Amino acid sequence: MVLEKESFKGEAYQAQEETYFDDGREIDLLHFLYGHPDLDEIRGNPQRVLDAIDEYGKTEKYLMNIGEYKSKTIVDLIKKHKPNVMVELGGYVGYSAVAFGAALRDSGGKRYFSLELNPEFAAVISMVVDLAGLSDIVKVIVGASSESLLRLRREQKLQDIDILFLDHQKASYITDLKLCEDLDFIRAGTILAADNVVKPGNPPYLKYVRSTVEEKRRQLDSEDEPFQQGNPNLIYDSQFVEGWEPSGVPDAVEITTCTGVQVS
Ligand SMILES: C[S@@+](CC[C@H](N)C(=O)[O-])C[C@H]1O[C@@H](n2cnc3c(N)ncnc32)[C@H](O)[C@@H]1O
């Protein structure tokens, strides 16, 4: 099913330059937030933190955040399904961690894990989450997502994932999803929310989550040494939800629900 998007309203972020991250802008954002004239009102208020990050993206430099349009799709999912545990793959400067961590807390959830590869970005996420008053809910984990997922399982800090938000390296969406399947994090009721399935796009991931159990079994049988096996018996129901990048460029989020396990 394809859900219709509204038109892009309001002011867009600055355009995405050739070098659009890791050039000092993430630390610059911290100075912007902590030097903001409204800092007292921003402190402890997730929406004001998001507004201030958006203000930086609109008036200073582009940031590769999910932005207010596509994040609304996922906030609505959180309100509806009231997850206890969420995991995000790729945290950057904490925009999604603040938006979804606050929604999870407000709907009675317990823990939001933000997995981020770059230790400097992870430090920024921690400061932004702290500013929003969400440090009790959002746990930032530094390292490659696959290593962090394995460690969380080994240390028994993670058993089930209610909502998995995929927003890191595009080629890792499918391998990390299969790893989560292998680690039994995915079960009936788990929801996968994958960002950027139009810009830049992720055909292998879309093919996988839109495949039937039989198609996935056949594909797995045809691979001599699969990089990551996964569990082809999980039944997925997937929806393409259109939206906008904060820069005004069209994009979409793929929302996939695991509806059960096919045994025969
Ligand atoms: C698009 S940004 C995430 C944006 C963030 N989710 C938001 O909307 O506010 C992608 C992030 O994924 C991180 N990343 C890339 N590969 C990763 C990996 N293998 N494990 C964890 N994080 C990774 C990058 O360092 C970057 O911060």
Side-chain angles (χ1 to χ4, degrees), residues 2-39 41-42 45-79 88-103 114 116 118 120-121 124-125 127-129 131-132 134 165-170 173 193-202 205-206 239-255:
V2 176
L3 300 182
E4 289 297 318
K5 69 177 172 200
E6 296 173 10
S7 56
F8 184 84
K9 298 187 198 89
E11 210 183 325
Y13 274 23
Q14 298 285 320
Q16 190 172 331
E17 316 94 310
E18 205 173 332
T19 300
Y20 59 91
F21 67 96
D22 208 11
D23 59 352
R25 72 185 65 196
E26 295 80 16
I27 300 299
D28 195 34
L29 170 69
L30 278 187
H31 285 288
F32 180 87
L33 296 176
Y34 279 89
H36 201 285
D38 299 336
L39 180 61
E41 293 80 55
I42 291 172
N45 185 328
Q47 188 53 56
R48 291 294 303 265
V49 171
L50 296 174
D51 293 344
I53 298 175
D54 284 335
E55 185 186 337
Y56 179 92
K58 289 170 186 174
T59 61
E60 302 290 328
K61 283 189 173 167
Y62 171 86
L63 296 168
M64 55 173 166
N65 304 326
I66 186 167
E68 61 180 309
Y69 291 90
K70 289 183 289 168
S71 67
K72 185 174 179 303
T73 299
I74 296 168
V75 166
D76 288 347
L77 271 182
I78 296 170
K79 287 184 183 163
E88 79 174 0
L89 309 181
Y92 190 42
V93 293
Y95 189 97
S96 50
V98 168
F100 307 154
S114 176
E116 172 53 51
N118 183 318
E120 288 172 5
F121 297 169
V124 173
I125 301 170
M127 295 312 301
V128 169
V129 162
L131 183 61
L134 291 167
F165 175 51
L166 301 98
D167 195 16
H168 58 334
Q169 236 164 9
K170 302 313 148 196
Y173 280 31
D195 194 18
N196 302 124
V197 295
V198 169
K199 185 183 175 286
N202 201 329
Y205 176 83
L206 291 184
Q239 289 188 355
F240 179 78
V241 185
E242 294 191 286
W244 306 92
E245 284 278 87
S247 52
V249 173
D251 191 14
V253 180
E254 183 82 358
I255 305 292

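Just so it is clear, the model here is predicted, and its values are computed rather than measured.
Under the side-chain hydrogen bond (donor to acceptor under 3.5 Å, both in side chains) criterion, Y13 pairs with D54, N65, sequence neighbours left out. By the salt bridge (Lys or Arg N to Asp or Glu O under 4.0 Å) test, E11 is found to be paired with no residue, residues two or more places apart in sequence or in another chain being considered. For R25, the salt bridge (Lys or Arg N to Asp or Glu O under 4.0 Å) partners two or more places apart in sequence, or in a different chain, are E17, D23. With sequence neighbours left out, F121 forms a ring-ring contact (aromatic ring centres under 6.0 Å, His included) with Y92. Qualifying salt bridge (Lys or Arg N to Asp or Glu O under 4.0 Å) partners for D51, counting only residues two or more places apart in sequence or in other chains: none. Applying the salt bridge (Lys or Arg N to Asp or Glu O under 4.0 Å) test to K61 and every residue at least two apart in sequence or in another chain returns nothing.
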Passes side-chain contact (heavy atoms from CB on, under 4.5 Å), Y56 versus L33? Steps please. CA-CA 8 Å; Y56 179 92; L33 296 176; 6.0 Å; no
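Between V129 and A97, the closest heavy-atom pair is CG2-CB, 4.2 Å.
Exactly one residue among I125, L131, V124 makes a side chain to side chain contact (heavy atoms under 4.5 Å, CB included) with V128. That residue is V124.
N196 and D251 share a donor-acceptor pair across their side chains, judged by distance under 3.5 Å alone. Side-chain polar atoms of Q16 and S247 form no donor-acceptor pair below 3.5 angstrom.
Within 6.0 Å of the NZ atom in K79, the count of heavy atoms belonging to other residues, nucleotides or ligands does not exceed 12.
We find the CD-CG distance between E120 and D22 to be 6.5 Å, quoted to the nearest 0.5 Å.
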